[in-house]
Amino acid sequence: MVHEVILFGKRAVPLENRAKALSSRSRFNNRMQDMKGDLEFRRRWKHVSYIELWTDAAIFKYDDGSKWYMNIS
């Protein structure tokens, strides 16, 4: 299965669009642009290893196995 890649800052992270909808990816990209100024998000971003994109949420999976959910609707 081919995964997309999201570039944010200097990091590239694999992204799987499980919703298979362009509108979900568009909302996710807009939400990521909004997070540029959020220092806490930028700290978390350093440890993200994989992202699953669903219709209304993005699931960030970390190196240690934990997850963080971000609402994109």
Side-chain angles (χ1 to χ4, degrees):
M1 174 174 265
V2 177
H3 297 285
E4 298 177 49
V5 175
I6 180 91
L7 296 172
F8 186 78
K10 296 180 181 179
R11 292 197 67 226
V13 175
L15 177 128
E16 183 176 356
N17 190 349
R18 298 237 177 182
K20 308 246 188 298
L22 293 175
S23 61
S24 295
R25 179 60 193 250
S26 175
R27 286 191 313 241
F28 177 69
N29 289 341
N30 292 339
R31 183 76 167 122
M32 290 295 287
Q33 290 297 321
D34 293 343
M35 299 302 279
K36 276 187 177 180
D38 188 351
L39 184 59
E40 182 62 30
F41 176 77
R42 294 172 69 97
R43 286 183 183 145
R44 288 182 179 189
W45 180 252
K46 294 177 184 178
H47 303 287
V48 173
S49 61
Y50 184 74
I51 301 170
E52 283 184 22
L53 184 60
W54 293 91
T55 305
D56 293 330
I59 303 170
F60 293 80
K61 296 184 178 183
Y62 293 100
D63 300 330
D64 63 359
S66 62
K67 298 177 184 177
W68 179 63
Y69 297 85
M70 180 171 72
N71 185 6
I72 61 169
S73 59

Same hydrophobic cluster for [X] and [Y], using side-chain heavy-atom links shorter than 4.5 Å among ILVMFWY?
X	Y	result
M32	Y69	no
V13	Y62	yes
I59	F41	no

| said: For residues 34-44, which residue pairs pass the side chain to side chain donor-acceptor pair (under 3.5 Å) check, not counting sequence neighbours? | reply: Q33-K36
Do [X] and [Y] come close enough that some side-chain heavy atom pair is under 4.5 Å?
X	Y	value
E16	Y50	yes
F28	I6	yes
N17	E4	yes

| field | Distance, nearest 0.5 Å, that separates CZ of R18 from CG of L53 | value |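 These two atoms lie 11.0 Å from each other.
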| query | Got a donor-acceptor contact below 3.5 angstrom from the R11 side chain to the V48 backbone? | reply | yes
| message | Using every non-hydrogen atom in the two residues, find where I72 and A57 come nearest and quote the distance to one decimal. | response |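 Smallest interatomic distance, heavy atoms only, reads CG1-N, 3.7 Å.
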| request: Work out which heavy atom in P14 is nearest to a heavy atom in S49; give both atom names and the distance. | output: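 Minimum heavy-atom separation between P14 and S49: CD-O, 3.6 Å.
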| request: Only pairs at least two apart or in different chains count here, so list each salt bridge (charged side-chain N to carboxylate O under 4.0 Å, His left out) that has a residue in residues 55-73. | output: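 The answer is R27-D56, E52-K61.
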| request: Take L15 and R25, measure what side-chain contact (heavy atoms from CB on, under 4.5 Å) needs, and give me the verdict at the end. | output: CA-CA 10 Å; L15 177 128; R25 179 60 193 250; 3.4 Å; yes
| request: Check the pair W45, F8 against ring-ring contact (aromatic ring centres under 6.0 Å, His included), reporting the backbone distance first and the verdict last. | output: CA-CA 8 Å; W45 180 252; F8 186 78; 5.3 Å; yes
